Every structure is written in structure tokens, then in C-alpha cells.
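Following: one structure in C-alpha cells, then a few remarks.
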Amino acid sequence: MGCTVLLVADILYSEVLFGLAVTCLTVGLFMGVIFGGIAICNHIAVDKSIHETEMQYEALTKQLYLLTIQLSEYDRCYLNKEDTGYSVFVKCAGIEDENGLLSEMCADCPYLEAWPRKDKIND
């Protein structure tokens with residue numbers, strides 16, 4: 001009789017363990033499906049965000065390119081001189097060549113202010 005009780009207890013115990021294992025496996029699979037779906041949705045949202053950012057970057061790059069094309073050589077020269085502190089208030093004194101004269105590049109520049117002549121400087 002004692003052996004029968006132990007055998008019944010062993011069968012009951014293994015059925016409980018089997019039921020618990022199947023329940024855990026089912027819950028685990030269910031949670032995996034839920035978390036997998038959430039991960040896929042987040043991945044899609046991040047891809048969309050990256051694509052939108054890349055599109056904004058390309059648009060800004062095109063606008064910047066168009067701005068640089070529209071600038072004349074005089075505008076670029078003036079902006080460079082303004083960055084160095086040499087030009088101010090849409091006026092530039094021009095560039096001196098190696099002989100101390102006004103550079104040919106500045107001859108028709110709209111930003112050029114009166115170029116001082118050497119004979120007028122000492123007066």
C-alpha cells in the first residue's frame with residue numbers, strides 16, 4: 001500500500017510539473033510574440049524618423065548649394081574679408097597687390113570704397 005501511495009504521489013507530482021511547464025512555455029511564447037511585435041513597431045518608427053531626417057538634410061544641402069551658386073565672386077570675397085574683420089558695413093578697402101596698388105580683382109567690385117592713393121596719404 002505504501003508503494004501505491006508513493007507511485008500515485010509521483011504521478012501527481014509529474015503531472016503538476018508537466019502542467020506548470022506547459023503553462024510557462026505558453027506564457028513565454030505569448031510574451032515573446034507581444035515583445036517581438038513591440039520591437040518591430042519601434043524599429044519601423046525609428047526607420048521613418050531616420051528617413052525624415054535624411055530628407056531634411058538633403059533639402060538643406062540643396063538650399064545651401066543654391067545660395068553658394070548665387071553668390072558672385074565679389075560677394076564671396078567681401079564675406080571672406082568681413083569674416084577676417086577687414087570689411088564692414090558693406091564697404092571694403094580692397095586688396096593690395098605686391099606693388100602696393102589696388103588688385104585687379106577689386107577693379108569693378110561694388111563693395112570697393114575709395115582707394116587711397118599714395119600721394120594723398122601723406123597730405
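We're numbering straight along the sequence, starting at 1. All figures in this text were calculated on a predicted structure; none of them were measured in a lab.
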Exercise for review: Report yes if the side chains of Val22 and Thr26 come closer than 4.5 Å at any heavy-atom pair, otherwise no.
Suggested key: yes
Study note, to complete from the structure: Rounded to the nearest 0.5 angstrom, the NZ-SG distance for Lys81 and Cys106 is 8.0 Å
Review point. When Ile, Leu, Val, Met, Phe, Trp and Tyr are grouped by side-chain heavy atoms lying under 4.5 Å apart, directly or through other members, which residues fall in the same group as Ile40?
Key: Ile44
Review point. Quick one: side-chain hydrogen bond (donor to acceptor under 3.5 Å, both in side chains) partners of His51, sequence neighbours excluded?
Key: none
Practice item. Starting from Ile50, walk the hydrophobic network (Ile, Leu, Val, Met, Phe, Trp, Tyr; side-chain heavy atoms closer than 4.5 Å) and list everyone else you reach, by chain and number. Key: Val46
Practice item. Check side-chain hydrogen bond (donor to acceptor under 3.5 Å, both in side chains) between Asn80 and all other residues, then give those that pass, not counting sequence neighbours. Key: none
Review point. Can you tell me how far OG of Ser49 sits from CD of Glu54, rounded to the nearest 0.5 angstrom?
Key: 10.0 Å
Practice item. Check whether any side-chain heavy atom of Tyr74 lies under 4.5 Å from a side-chain heavy atom of Leu112, and answer yes or no. Key: no
Practice item. Decide if atom CG of Asn42 counts as having more than 12 heavy atoms of other residues, nucleotides or ligands within a radius under 6.0 Å. Key: yes
Practice item. Each residue besides Met31 in its hydrophobic cluster should be listed here, by chain and number; the cluster joins Ile, Leu, Val, Met, Phe, Trp and Tyr at side-chain heavy-atom distances under 4.5 Å. Key: Val27, Phe30, Ile34, Phe35, Ile38
Review point. Side-chain contact, heavy-atom cut-off 4.5 Å: Tyr57 with Thr61?
Key: yes
Check your understanding: Which heavy atom of Phe89 sits nearest a heavy atom of Tyr78, and at what distance?
Key -> N-OH, 3.6 Å
Point to revise | Shared-cluster residues of Val33, by chain and number - hydrophobic side chains joined below 4.5 Å | key: none
Point to revise | From CG (Leu29) to CG (Leu25), nearest 0.5 Å | key: 4.5 Å
